[in-house]
Amino acid sequence: MREDFVEAVLSAVELIPPGQVASYGDLAEYVGSGGPRQIGSVMSHYGGAVCWWRVVRADGRPADGLEVRALQQLRAEGAPIRGDRVIMKRARWRGPSASDGSGE
């Protein structure tokens, strides 16, 4: 895996504000390369040092095996959650230009 791609993904994850999330596909679109699987690979190998819980599937579910910890973190940050999923319509991060709330 290219180091510049890994760094781009991890830098993007660090931009996601508390209480918001991005899907693997959202991040691929944001960094401009790869796809959801490649983002997932970066997160599984290198994502431990960033706010990994803010990266979820497109349906709002956290990664397998990390659901409990991720949902605890997201609840503590005030993310809107229903059952075992983040409510994507309300919590989806649209990139730094949308962080002012205008992207909702």
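The analysis underlying the following values was restricted to heavy atoms, covering all of them including side chains, and did not include hydrogens, waters or symmetry mates. As the structure is a prediction and not an experimental result, all values here were calculated from the model. Throughout, numbering of the chain's residues begins at 1 and tracks the sequence.
Of the inter-residue distances, the one linking M1 atom CE with Y46 atom OH reads 6.0 Å to the nearest 0.5 angstrom. Expressed to the nearest 0.5 Å, how far CG of L27 lies from OG of S11 amounts to 11.5 Å. E67 CD to D84 CG: the interatomic distance, rounded to the nearest 0.5 Å, is 8.0 Å. To the nearest 0.5 Å, the span separating CD on E7 from CZ on R2 amounts to 11.5 Å. Note that CH2 of W52 is 4.5 Å distant from CZ of R69, once rounded to the nearest 0.5 Å. Note: I39 CD1 to S44 OG = 11.5 Å, rounded to the nearest 0.5 Å.
Ion pairing between R61 and D59 holds under the 4.0 Å rule for side-chain N and carboxylate O.
Annotation: side chain of L15 is in contact with side chain of Y30 (closest heavy-atom distance under 4.5 Å). The shortest distance between side-chain heavy atoms of R92 and V86 does not fall below 4.5 Å. A 4.5 Å side-chain heavy-atom check between V21 and V55 finds every atom pair outside the cut-off. Using a 4.5 Å heavy-atom cutoff, the side chains of F5 and V42 are in contact.
Counting only distance, with no hydrogens or angles, the side chain of R57 and the backbone of P62 share a donor-acceptor pair below 3.5 Å. In this structure, S41 contributes its side chain and R37 its backbone to no donor-acceptor pair below 3.5 Å.
A side-chain donor-acceptor contact under 3.5 Å links E77 and W53.
Nearest heavy atom pair, residue A8 against residue V31, reads O-CG1, 3.6 Å. Between I16 and R54, the shortest heavy-atom distance links the atoms O-NH1, 2.8 Å. Shown here for G19 and P80, the closest heavy-atom pair between the two residues is O-CD, 4.0 Å. Nearest heavy atom pair, residue G47 against residue L10, reads CA-CD2, 4.0 Å. Here the shortest heavy-atom pairing between Y24 and A63 reads OH-CB, 3.5 Å.
Within 6.0 Å of the CD atom in E29, the count of heavy atoms belonging to other residues, nucleotides or ligands does not exceed 12.
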Inset, instruction - Go through M43 and V13 one step at a time and tell me if the side-chain contact (heavy atoms from CB on, under 4.5 Å) criterion holds. - result: CA-CA 9 Å; M43 293 305 296; V13 172; 3.8 Å; yes

Inset, instruction - Please lay out, stage by stage, how L71 and R85 fare under the test side-chain contact (heavy atoms from CB on, under 4.5 Å). - result: CA-CA 8 Å; L71 290 171; R85 299 171 192 233; over 6 Å; no

